[in-house]
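The structure appears right after this line, and notes come after that.
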Amino acid sequence: MNLIANFAVLASRRTIFDLPVCDLGWDDALVFINELASIPVGQTVVCFVNAHNMLTTLRDDEYYRIMSHNLVLPDGIGLNIASQIAHGSPFPANLNGTDFVPAFLTFMEAPRRIGLIGGKRSVVEAAAENFRRHTPWHEFVVVSDGYFDKVDPTDVIEELERQKVDILIVGMGTPLQEKWVHDHIRTDHARLVLTVGALFDFVSGAVPRAPRTVRMMRLEWAYRLLQEPARLWRRYVIGIPVFLFHVLRYRFRRRERILSYPEEHGSTLQPQSDRKKAS
């Protein structure tokens, strides 16, 4: 994240597992990220984290370090529960990428050239077409599907340079997409980068969204579990209890961590992080 964005959002973050997560409401988040898209220098990478992503930060230090430098938005009821336990109140809004990105594209009135990377070719092409119908004042270009050499993506980077986009949307799944963006996407490729997971599947219609009533009840995770039990049962049936265990563990160890200054070195040392203990 560039320095302007970093200072601007510093007062609007809550830490979950030592990772700063933005606690803006919908309107403030839309305004803020729209302003970031207009900054002519630097680069901001916007990520969306749910309970599964947060557990990944505990066992993957590289992913945690990368996310610490990105603008992280809360996604799902798990983050609300964690915030309630750790900070006494839920996040002001559920800023999941599936809802937030289309809303952001609509909110952003200035025409932008937007690149898409990720998913199957047919899926990302269909997603681009639906984006065009949704916000016809923007220009959407498919830079690449997600089936390319992630270690040596020379062809994809050359195509990205040729397309000269303002905003880049990358949907390749966590933590691959955040690591790939960190390793390969420079500031001259795009000033604003959104890592969006399975967004293209939903926008294209390849994967159905839960009914609006289910989403309003914050039960979309249960709907997805019913749709794809073989792929998602471990994430939700096992992952959610494990996540809540670590949330409670962090909460009860918070005072211990704050007071863990070694007496022999005085109070100028920083408290030791509990991340290694949790993993």
Side-chain angles (χ1 to χ4, degrees), residues 1-2 5-6 9-10 13-23 33 42-76 78-83 86 91 95-98 100-101 117-119 146-153 156-157 168-187 189-190 192-201 221 231-232 234-236 238-247 249-250 253 257 272-279:
M1 191 190 306
N2 62 65
N6 194 36
V9 79
L10 190 61
R13 298 190 295 179
R14 304 178 188 181
T15 57
I16 306 294
F17 297 169
D18 296 334
L19 179 69
V21 180
C22 192
D23 68 349
I33 296 177
Q43 182 186 77
T44 302
V45 179
V46 178
C47 305
F48 304 86
V49 295
N50 54 29
H52 175 70
N53 303 144
M54 294 303 303
L55 286 176
T56 303
T57 68
L58 292 180
R59 60 177 180 267
D60 189 333
D61 285 342
E62 179 189 8
Y63 177 59
Y64 168 75
R65 287 192 297 270
I66 290 171
M67 294 294 279
S68 296
H69 292 90
N70 295 342
L71 180 62
V72 179
L73 303 184
D75 172 2
L79 268 291
N80 262 1
I81 294 173
S83 179
F91 282 101
L95 303 177
N96 68 85
T98 310
F100 186 83
V101 173
I117 296 178
Y147 295 87
F148 59 88
D149 187 343
K150 305 302 190 297
V151 177
D152 182 21
V156 174
I157 298 303
L168 180 63
I169 303 178
V170 179
M172 298 193 298
T174 296
L176 172 61
Q177 60 192 8
E178 288 83 15
K179 292 182 178 181
W180 188 82
V181 166
H182 178 266
D183 290 340
H184 299 287
I185 302 303
R186 305 190 307 266
T187 57
H189 291 149
L192 182 68
V193 182
L194 305 169
T195 60
V196 296
L199 174 66
F200 299 152
D201 290 332
W221 65 271
R231 186 175 74 86
L232 297 176
R234 186 179 298 274
R235 175 182 297 190
Y236 293 126
I238 297 178
I240 290 178
V242 171
F243 173 73
L244 294 177
F245 166 77
H246 284 297
V247 168
R249 186 176 185 179
Y250 262 74
R253 289 191 173 182
R257 289 154 54 203
Q272 182 181 3
S273 171
D274 200 36
R275 289 183 49 75
K276 289 298 183 180
K277 297 177 184 177
S279 60

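The basis for the numbers below is simple: all heavy atoms, side chains too, and nothing from hydrogens, waters or symmetry mates.
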What distance do [X] atom [atom1] and [Y] atom [atom2] have between them, rounded to the nearest 0.5 Å?
| X | Y | atom1 | atom2 | result |
| --- | --- | --- | --- | --- |
| L168 | L192 | CG | CG | 9.0 Å |
| D75 | N53 | CG | CG | 7.5 Å |
| L199 | T98 | CG | OG1 | 5.5 Å |
| D61 | I66 | CG | CD1 | 11.0 Å |

Give me the atom names and distance for the closest heavy-atom approach of [X] to [Y].
| X | Y | answer |
| --- | --- | --- |
| E178 | G173 | OE1-O, 4.4 Å |
| T195 | F48 | O-CD1, 3.4 Å |
| L79 | V49 | CD2-O, 3.5 Å |
| K150 | L176 | CE-CD2, 4.0 Å |
| P74 | C22 | CD-O, 3.3 Å |
| H52 | R59 | CE1-NH2, 4.3 Å |

Check: [Y] main-chain N/O paired with [X] side-chain donor or acceptor under 3.5 Å:
| X | Y | answer |
| --- | --- | --- |
| D149 | V151 | yes |
| Y63 | L58 | no |
| Q43 | V193 | no |
| S83 | N80 | no |

So [Y] and [X], do their side chains get closer than 4.5 Å, heavy atoms only?
| X | Y | value |
| --- | --- | --- |
| V46 | T44 | yes |
| P20 | R14 | no |
| T174 | Q177 | yes |
| L71 | I33 | yes |
| L73 | V21 | no |

Side chain to side chain contact (heavy atoms under 4.5 Å, CB included) between L194 and V170, worked out | CA-CA 6 Å; L194 305 169; V170 179; over 6 Å; no
Can you name the ring pair (Phe, Tyr, Trp, His ring centres under 6.0 Å) partners of F148, sequence neighbours left out?
-> W180
For F100, all residues meeting ring pair (Phe, Tyr, Trp, His ring centres under 6.0 Å), sequence neighbours excluded =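 Result, ring pair (Phe, Tyr, Trp, His ring centres under 6.0 Å) vs F100: W26.
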From CA spacing to verdict: side chain to side chain contact (heavy atoms under 4.5 Å, CB included), V242, L55 = CA-CA 8 Å; V242 171; L55 286 176; 4.0 Å; yes
Which is it for I185 and I157 under the side chain to side chain contact (heavy atoms under 4.5 Å, CB included) test, yes or no, and what are the steps along the way?
-> CA-CA 8 Å; I185 302 303; I157 298 303; 4.1 Å; yes
Take atom NE2 in H189; do more than 12 heavy atoms of anything else shown fall under 6.0 Å from it?
-> yes
Between N96 and N50, is a side chain to side chain contact (heavy atoms under 4.5 Å, CB included) present by the stated rule, with each step listed?
-> CA-CA 8 Å; N96 68 85; N50 54 29; over 6 Å; no
Ion pair check, D60 and R65, cut-off under 4.0 Å =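 No.
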Run the ring-centre check on F243 versus F17 and record whether the distance is less than 6.0 Å.
-> yes
